[in-house]
Amino acid sequence: MKTEDNMSKDKYDKIISLAKRRGILNPSFEIYGGVAGFYSYGPLGSIIKRNIENVWRGFYLFREGFIEIDTPTITPYEVLKASGHVDEFTDLTAICDSCGRYFKAEDIEKDGKYICPVCNREIKNLKYTNLMFQTKIGVGDERRAFLRPETAQGIFTEFHNLYRFVREKLPFGVIQIGRGYRNEIAPRQGVIRLREFSMAEAEIFFDPENKKHSRFEQVKDEKIPLFIDDKIEKISVGAAVEKGIIGNEALAYYMLLTYKFLMACGINGDKIRFRQHRKDELAHYARECWDAEIYSDRFGWIECVGIADRTAYDLESHIKHSGADLYAIKRLETPQEIEVEKIEVDMGKLGPLFKEKARVIREKLEKLDPSKFEEEIEVEVDGKKIKIPKDCYRIKRVKEKVSVERFIPHVIEPSYGIDRIFFHVLEHNYMETTKKGEEYRVLKLPYLIAPIKTGVFPLVSDERLCKIARDIHDTLRKNCIESYYDESGSIGRRYARMDEIGTPYCITVDFDTLEDNTVTIRDRDTTEQIRINIEELVSFFKGKESESLYNILNY
RNA sequence: GCGGGUGUGGUCUAGCGGUAUGACGCUGGCUUCCCAAGCCAGUUGCCCGGGUUCGAAUCCCGGCACCCGCACCA
């Protein structure tokens with residue numbers, strides 16, 4: 001008798017085995033023994049992954065109207081120093097001199113000393129190990145660098161270019177899909193915890209006073225599953241914001257969008273929940289964060305998406321470290337007049353007195369804060385302090401018109417782990433039945449996600465039927481519809497091969513085709529067939545595609 | 001990183017000191033008018049390295065990978 005656990009383990013093994021057998025996913029570098037934490041996507045897996053990413057683009061690039069960029073994965077030290085990753089992503093490691101074992105220092109600390117739990121001796125050999133992959137740029141004059149732990153920093157460092165690109169209007173969103181790297185201590189759980197992984201991130205820049213979304217009104221009654229007090233509660237995003245469960249409209253909106261996206265990929269909506277991070281588990285940059293967790297029969301609830309309010313943390317830090325102008329500007333509705341003290345330099349006096357240095361001195365004087373002037377003021381020029389006589393300047397009170405306000409935008413960040421979503425899409429859509437006593441597998445992938453949209457078969461391998469089938473296959477591919485031609489084995493076997501990789505339709509050319517130019521289209525989920533004229537095939541599949549897109553993006 | 005378990009064709013598996021079994025798959029052929037049919041032929045393997053032995057898939061040591069538990073998880 002099988003226990004529940006055994007059942008799910010069996011199912012997991014079957015999915016992994018199927019994935020490997022059918023070119024979806026397999027451990028990398030296997031011919032050299034493999035390396036933990038690295039997986040390769042095969043011919044079909046690559047398409048599925050790309051399809052997931054493209055559905056994601058449907059939501060963020062098309063529906064939200066965000067802009068997409070593509071920045072380097074190798075990132076200079078300074079960037080990640082500023083972002084906090086150099087310091088926050090570091091563990092103090094203790095290495096025992098007698099047994100040579102490594103420990104995370106804080107685990108073995110006793111009264112300020114580090115004691116080896118094996119040898120029971122004090123360890124003095126301590127070093128910091130960073131969980132980012134380190135590398136160097138250049139030869140000789142090399143610069144320290146890291147493989148990026150998240151794509152977000154590439155967006156923050158481009159902020160001033162992007163802000164100009166959108167013609168200085170907030171809010172605006174920037175997306176990036178790419179690889180991230182984390183040198184995990186113990187990668188486990190297959191594709192769930194990788195050392196190199198794909199993520200899709202959106203950084204949406206807001207006026208901190210106005211974290212609203214223009215479409216919120218439209219969707220405020222739609223419900224999402226919140227995990228509160230150890231139970232899942234479906235609550236409308238509008239109510240969640242009103243009751244203060246979710247901090248602002250923007251967060252709530254992107255949680256709803258995440259919910260829709262995951263289901264569009266074929267994730268079972270009953271196996272999604274949003275869980276808020278406790279204060280002590282928040283990342284160093286986040287004020288509020290909600291994870292979308294997806295339930296796996298194999299692994300339990302797995303964090304697949306993080307939707308965080310990063311506030312002004314990153315931009316502020318990059319302003320501080322780089323000196324760049326990463327501010328946004330807000331035009332005030334009514335320009336205000338304010339009185340300010342200004343220093344007015346008398347060049348008539350200053351010029352003759354300091355000659356060629358006068359210009360530099362004037363610039364320095366004008367930068368000083370008049371309210372902090374002391375009796376005698378000095379400026380430093382070329383390392384020398386120069387006293388400035390009082391009659392060279394005077395302090396004036398002037399009225400200034402202020403029509404803009406500078407501020408650092410806040411960032412809401414939905415961040416998606418593509419590989420984790422990929423795995424759950426496989427798990428949630430893997431179905432087993434029996435046909436004639438034999439195990440029968442169907443991957444019920446949504447149309448947009450399926451790597452092959454249709455199989456094309458001659459019913460029997462009669463050359464007349466084969467030719468027509470090959471022509472259909474060719475025509476479909478000319479129209480960018482992934483089709484798969486197969487004339488080997490019985491028709492049932494060919495359907496089975498397609499079902500196993502989630503192909504939603506199969507076209508069969510039979511002897512009636514010779515008479516009336518029609519073929520059958522067989523539906524994966526119902527196995528029902530309809531007859532359709534060959535001429536209508538391309539529009540049938542194009543129709544399925546736009547219908548699917550319309551259904552998921554029409555909100 | 002710690003402790004325990006496991007590692008045989010593409011997949012599942014037998015063998016547990018005499019160089020490998022079976023099934024499925026896959027390829028080709030015959031057959032076949034719609035859901036893994038049948039027949040014939042072919043195809044691919046002992047995780048890696050070292051040791052013990054006349055001889056190692058099998059025993060021992062080391063490595064790697066996977067699984068379970070602990071720890072970790074921006």
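Lettering follows sequence order; numbering is per chain, from 1. These figures come from a predicted structure and were not determined experimentally.
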Could you state the [atom1]-[atom2] distance from [X] to [N], rounded to the nearest angstrom?
X	N	atom1	atom2	result
A:R420	B:rC73	CZ	P	13 Å
A:L25	B:rU11	CG	P	14 Å
A:L282	B:rC73	CG	C1'	15 Å
A:F29	B:rC66	CZ	C1'	17 Å
A:R188	B:rG3	CZ	P	13 Å
A:K14	B:rC66	NZ	C1'	19 Å
A:Q189	B:rC68	CD	P	7 Å
A:Y12	B:rU6	OH	P	20 Å

Determine, for A:Y447 and A:K453, whether the Lys NZ or Arg CZ falls below 6.0 Å from the six-membered ring centre while staying within 45 degrees of the axis. yes
Quick one: list whatever passes ring pair (Phe, Tyr, Trp, His ring centres under 6.0 Å) with A:Y259, sequence neighbours left out. none
Please give the distance between the [atom1] atoms of [N] and [M] as a whole number of Å.
N	M	atom1	result
B:rG63	B:rU53	P	23 Å
B:rU21	B:rC12	C1'	13 Å
B:rA20	B:rU44	C1'	14 Å
B:rA23	B:rU19	C1'	23 Å
B:rC35	B:rG45	C1'	33 Å
B:rC47	B:rU8	C1'	10 Å
B:rG10	B:rG42	C1'	16 Å
B:rG17	B:rU52	C1'	11 Å

Classify the angle between the aromatic ring planes of A:Y416 and A:W56 as parallel (below 30°), tilted (30 to 60°) or perpendicular (above 60°). perpendicular
Could you check whether the rings of A:H473 and A:Y485 sit parallel, tilted or perpendicular, using 30° and 60° as the cut-offs? tilted
Mind checking who [N] pairs with, Watson-Crick or G-U wobble, both distances under 3.5 Å?
N	value
B:rA41	B:rU27
B:rU53	none
B:rU19	none
B:rG62	B:rC48
B:rG3	B:rC68
B:rU32	none

Which atoms of nucleotides 42-47 of chain B (N or O only) lie under 3.5 Å from a protein N or O atom, and what are those distances?
none

Would one find a side-chain N or O of A:K20 under 4.0 angstrom from OP1 or OP2 of B:rG10? no
Given the rule in the salt bridge (charged side-chain N to carboxylate O under 4.0 Å, His left out) test, do A:K467 and A:D471 qualify, once you have shown the distances and angles that lead to the verdict? CA-CA 6 Å; A:K467 172 157 193 328; A:D471 284 348; 2.9 Å; yes
Could you tell me whether A:H284 contacts a base, only the sugar-phosphate backbone, or nothing, with contacts defined as non-hydrogen atoms closer than 4.0 Å? sugar-phosphate
Check whether the ring centres of A:F261 and A:Y60 lie less than 6.0 Å apart, and answer yes or no. no
Ignoring the backbone of A:R193, work out which of B:rA65, B:rC72, B:rG69 is nearest its side chain. B:rC72
If you count the non-hydrogen atoms of other residues, nucleotides and ligands that lie under 6.0 Å from OH in A:Y484, is the total more than 12? no
Output one letter per nucleotide in nucleotides 23-37 of chain B: B when a protein non-hydrogen atom lies under 4.0 Å from the base, S when only the sugar-phosphate is that close, - when neither is. --SSS----BBBBBB
Sidechain N-carboxylate O distance under 4.0 Å for A:R22, A:E500: yes
Indicate yes or no: does A:R143 engage A:E78 in a salt bridge with an N to O separation below 4.0 Å. yes
Below 4.5 Å, heavy atoms only, C-beta onward: do A:F423 and A:S296 meet side chain to side chain? yes
Would you say A:D309 and A:T311 make side-chain contact, with heavy atoms under 4.5 Å? yes
5'-most contact on RNA chain B (nearest-nucleotide basis), A:H85 vs A:Y32, goes to A:Y32
